[in-house]
Amino acid sequence: MDHSAHNMDERCYMNMLWNTQIINTCIVFKEWHIRSNFQFFLSFLAIVALGMLYEYLRVFSKDFDKRVAVKSSGRRTPLTASGRSSPERHGDDAEETGLLNGLRVTRKQGFAVPPLYRALRAVLYGASVGLSFFLMLVFMTYNAYLIFAVILGAAVGHYILGGTIEPSGPADKGMACH
């Protein structure tokens with residue numbers, strides 16, 4: 001049986017040190033095995049796109065929350081200081097005791113979110129957390145080019161989607177695993 005056409009040295013390499021290896025790099029899965037410069041280039045572009053998608057999810061989630069808040073503020077009962085939609089009990093002064101540490105915890109005021117919107121917000125949140133962890137795994141290949149692809153995707157996505165600033169809003173969380 002002739003095995004000369006099959007290169008036995010074609011293995012996935014996962015380096016735990018800073019590297020610039022291109023050929024035989026595996027990205028996250030053994031099935032994402034880079035065997036040529038062209039495959040590496042396409043993978044680089046895919047990772048840039050994933051970084052941009054993460055930024056899109058962050059912006060979309062923030063905008064979705066704003067739309068839900070505007071919609072809810074007109075027809076829903078505001079939450080009390082304790083986070084309940086029911087009236088306050090006597091003695092509750094916007095604080096309650098923390099479960100584990102006994103310290104007083106102040107709750108934020110806001111509006112109750114309907115179950116459908118809560119589910120959609122949870123899906124968006126889960127997608128952004130999952131994507132951020134995936135990008136973290138790409139980063140952990142320690143491949144300089146792939147790290148640059150993650151950073152480039154986040155930067156380009158932020159440039160394209162971050163054209164406005166709300167001075168009264170919270171500071172941007174940035175690209176974080178969670």
Side-chain angles (χ1 to χ4, degrees), residues 12-74 76 79 83 105-178:
C12 273
Y13 290 103
M14 288 293 297
N15 293 308
M16 295 304 289
L17 299 171
W18 186 262
N19 69 86
T20 55
Q21 179 179 326
I22 294 176
I23 305 301
N24 287 329
T25 295
C26 286
I27 305 172
V28 183
F29 309 107
K30 66 180 178 179
E31 292 80 16
W32 195 350
H33 186 158
I34 307 300
R35 293 181 173 89
S36 70
N37 288 332
F38 184 67
Q39 281 182 324
F40 192 84
F41 177 72
L42 292 178
S43 296
F44 182 91
L45 292 179
I47 293 166
V48 168
L50 289 173
M52 292 172 67
L53 176 62
Y54 176 78
E55 286 298 312
Y56 174 77
L57 281 172
R58 279 185 355 95
V59 169
F60 184 81
S61 294
K62 248 194 304 188
D63 289 345
F64 183 75
D65 284 350
K66 286 178 192 173
R67 287 193 302 268
V68 168
V70 167
K71 205 177 239 189
S72 295
S73 67
R76 297 279 179 214
L79 293 176
V105 178
T106 303
R107 289 250 176 132
K108 294 182 180 180
Q109 292 185 342
F111 293 92
V113 179
L116 175 64
Y117 291 135
R118 286 181 67 188
L120 291 173
R121 289 178 72 226
V123 167
L124 288 171
Y125 181 76
S128 67
V129 167
L131 184 55
S132 69
F133 281 134
F134 184 82
L135 289 171
M136 176 199 61
L137 291 173
V138 171
F139 211 92
M140 288 176 59
T141 62
Y142 298 100
N143 185 296
Y145 303 120
L146 300 180
I147 290 171
F148 180 67
V150 171
I151 294 169
L152 181 65
V156 170
H158 189 74
Y159 177 80
I160 291 170
L161 300 167
T164 59
I165 295 175
E166 293 182 34
S168 62
D172 262 353
K173 183 177 175 182
M175 189 172 216
C177 294
H178 184 69

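Along the sequence shown, residues carry numbers from 1.
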Open item on the list: The test is side-chain contact (heavy atoms from CB on, under 4.5 Å); show your working for Tyr142 and Leu17 and say whether it passes.
Closed with: CA-CA 6 Å; Tyr142 298 100; Leu17 299 171; 5.9 Å; no
- [ ] Side-chain contact test, heavy atoms from C-beta onward, threshold under 4.5 Å: evaluate it for Phe60 versus Leu161 and give yes or no.
- [x] no
TODO: Search all heavy atoms of Ala144 against all heavy atoms of Thr20 and return the closest pair with its distance.
DONE: CB-CG2, 3.9 Å
- [ ] Evaluate whether atom CZ of Phe64 has more than 12 neighbouring non-hydrogen atoms of other residues, nucleotides or ligands under 6.0 angstrom away.
- [x] yes
TODO: Please check if atom CG in Leu116 has more than 12 non-hydrogen atoms from other residues, nucleotides or ligands closer than 6.0 Å.
DONE: yes
- [ ] Report the relative orientation of the aromatic rings in Phe134 and Trp32; use parallel for angles under 30°, tilted for 30 to 60°, perpendicular for over 60°.
- [x] parallel
- [ ] Identify the heavy atoms of Tyr54 and Ser128 that sit nearest to each other, and give their distance.
- [x] CE1-O, 3.3 Å
Open item on the list: Give me the atom names and distance for the closest heavy-atom approach of Ile160 to Met52.
Closed with: CD1-CE, 3.8 Å
Open item on the list: Restricting to non-hydrogen atoms, name the atom on Ile22 and the atom on Thr25 that form the minimum distance, rounded to 0.1 Å.
Closed with: O-OG1, 3.1 Å
- [ ] State whether the side chain of Asn15 and the backbone N or O of Asn143 hold a donor-acceptor pair below 3.5 Å, judged by distance alone.
- [x] no
Open item on the list: To the nearest 0.5 Å, what is the distance between OG1 on Thr141 and CD on Gln21?
Closed with: 10.0 Å
Open item on the list: Is there a side-chain contact between Ile47 and Ile27 in this structure, where contact means two heavy atoms from C-beta onward sitting under 4.5 Å apart?
Closed with: yes
Open item on the list: If you compare all heavy atoms of Lys71 against all heavy atoms of Tyr117, which two are closest, and at what distance to 0.1 Å?
Closed with: NZ-OH, 2.9 Å
Open item on the list: When you measure from the centre of the six-membered ring of Tyr125, is the NZ or CZ of Arg118 closer than 6.0 Å and no more than 45° off the axis?
Closed with: no
Task: Value rounded to 0.5 Å, distance of CG in Leu124 from NZ in Lys62 - done: 14.0 Å
Open item on the list: Ignoring hydrogens, what is the shortest heavy-atom contact between Phe44 and Tyr145? Give both atom names and the distance.
Closed with: CE1-O, 3.1 Å
Task: Phe29 vs Leu137, side-chain contact (heavy atoms from CB on, under 4.5 Å): CA-CA, chis, key distance, verdict - done: CA-CA 10 Å; Phe29 309 107; Leu137 291 173; over 6 Å; no
- [ ] Compare all side-chain heavy atoms of Val150 with those of Leu50 and state whether any distance is below 4.5 angstrom.
- [x] no
- [ ] Would you please test Trp18 and Ile147 for side-chain contact (heavy atoms from CB on, under 4.5 Å) and show each step?
- [x] CA-CA 10 Å; Trp18 186 262; Ile147 290 171; 3.5 Å; yes
Open item on the list: Test your reading of the model: is there a side-chain donor-acceptor pair from Asp65 to the backbone of Arg121, 3.5 Å cut-off?
Closed with: no
TODO: Examine distances only and state if a side-chain atom of Glu31 and a backbone atom of His33 form a donor-acceptor pair shorter than 3.5 Å.
DONE: no
